[in-house]
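Throughout, a chain's letter reflects where its sequence line sits, starting with A, and its residues are numbered from 1.
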Amino acid sequence: MFTPVSAKFFEAPTLELSRSLLGQILVHELPEGIVAGRIVETEAYMGADDRAAHSFGNRRTKRTEVMFGKPGLVYTYQMHTHTLINVVSGPVDTPRAILIRAVEPVEGIDLMAKLRGKHMPIKQWTSGPGKLTKAMGITMDYYGHHFTERPLYIAEGDPVHAVAVGPRVGIGNSQEAVHYPYRFWESDNPFVSKFR
DNA sequence: GATCAGATGACCT
DNA sequence: GGTCATCTGATCC
């Protein structure tokens with residue numbers, strides 16, 4: 001089955017980790033079964049100096065608190081009706097995080113379909129940050145959990161064939177940060193979220 | 001206590 | 001392209 005990566009994996013610099021997360025497997029072991037998705041799109045949020053980051057200016061709140069912690073912690077937060085999941089990036093007290101924007105279903109297809117509810121093409125199950133958390137049963141309960149621990153963890157996957165880089169999605173009011181090239185995805189992967 | 005904006009997505013015209 | 005669901009934090013009173 002799947003084995004969690006070591007904590008060491010998360011210690012790479014944030015932009016490097018954003019790239020190396022591509023191709024790795026996000027696994028959730030639910031009572032009803034295992035769901036797993038290969039990460040194909042990420043976005044880096046560079047903390048104190050990044051106007052698009054929740055932790056811009058070292059803003060420390062109940063929500064951003066976990067970003068100041070150890071790399072590899074889970075940062076979940078609510079966006080309207082959706083849960084979004086991030087990987088905290090270090091070092092401690094450097095509040096950076098990497099948003100997982102899309103995965104490619106690799107295991108637990110039936111369960112994912114059930115969790116998504118509505119009938120739709122598989123390409124639409126996990127091709128967006130809010131979609132993938134729903135398809136994988138990820139909730140706010142995982143805030144502060146660590147990605148090396150069951151039941152929610154990251155396992156080693158397959159290398160990506162090519163990585164594309166571009167500006168982040170949905171941060172139009174973030175002034176100078178709007179065009180920072182902090183979005184990474186596997187070129188031509190059909191599960192990458194749509195451009196806007 | 002009120003109000004507003006937002007790292008989204010589904011559905012409508 | 002527009003609306004809105006409905007949650008949390010920030011910023012004002």
Show me the dot-bracket string of DNA chain C, counting Watson-Crick or G-U pairs under 3.5 Å, with | for pairs to another strand and [ ] for crossing ones. |||||.||||||.
Short heteroatom pairs, N/O only, protein and nucleotides 10-12 of chain B, under 3.5 Å:
| residue | atom | partner | partner atom | Å |
| --- | --- | --- | --- | --- |
| B:dA10 | OP1 | A:Arg116 | NH1 | 2.9 |
| B:dA10 | OP1 | A:Arg116 | NH2 | 2.7 |

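- Contacts between residues 43-53 of chain A and DNA chain B, defined by a heavy-atom separation below 4.0 Å, involve A:Tyr45, A:Ala52, listed by number.
- For A:Glu65, the salt bridge (charged side-chain N to carboxylate O under 4.0 Å, His left out) test picks out A:Arg60, with sequence neighbours left out.
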Would you mind writing out the side-chain donor-acceptor pairs for residues 77-84 of chain A within the sub-3.5 Å range, not counting sequence neighbours?
| residue | atom | partner | partner atom | Å |
| --- | --- | --- | --- | --- |
| A:Gln78 | OE1 | A:Thr83 | OG1 | 2.9 |
| A:Gln78 | NE2 | A:His82 | O | 3.3 |

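- Taking the 5' to 3' direction, DNA chain C first and last meets chain A under 4.0 angstrom from a heavy atom at C:dA5 to C:dA10.
- With sequence neighbours excluded, the residues forming a ring-ring contact (aromatic ring centres under 6.0 Å, His included) with A:Phe10 are A:His146, listed by chain and number.
- In this structure, the salt bridge (charged side-chain N to carboxylate O under 4.0 Å, His left out) partners of A:Arg150, at least two apart in sequence or on a different chain, are A:Glu29.
- Its side chain within the 4.5 Å cluster rule, A:Met1 clusters with A:Phe2, A:Ile25, A:Val27, A:Ile34, A:Val106, A:Tyr153 among the Ile, Leu, Val, Met, Phe, Trp and Tyr residues.
- By the side-chain hydrogen bond (donor to acceptor under 3.5 Å, both in side chains) test, A:Tyr142 pairs with A:His28, sequence neighbours left out.
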Review item, nucleotides 4-6 of chain B N/O atoms under 3.5 Å of protein N/O:
| residue | atom | partner | partner atom | Å |
| --- | --- | --- | --- | --- |
| B:dG6 | OP1 | A:Asn173 | ND2 | 2.3 |
| B:dG6 | OP2 | A:Asn173 | ND2 | 3.4 |

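- Across the protein-nucleic acid pair, A:Arg168 atom CZ and B:dA7 atom P stand 10 Å apart, rounded to whole Å.
- Residues passing the salt bridge (charged side-chain N to carboxylate O under 4.0 Å, His left out) test with A:Glu41 are A:Arg101, A:Arg183, sequence neighbours excluded.
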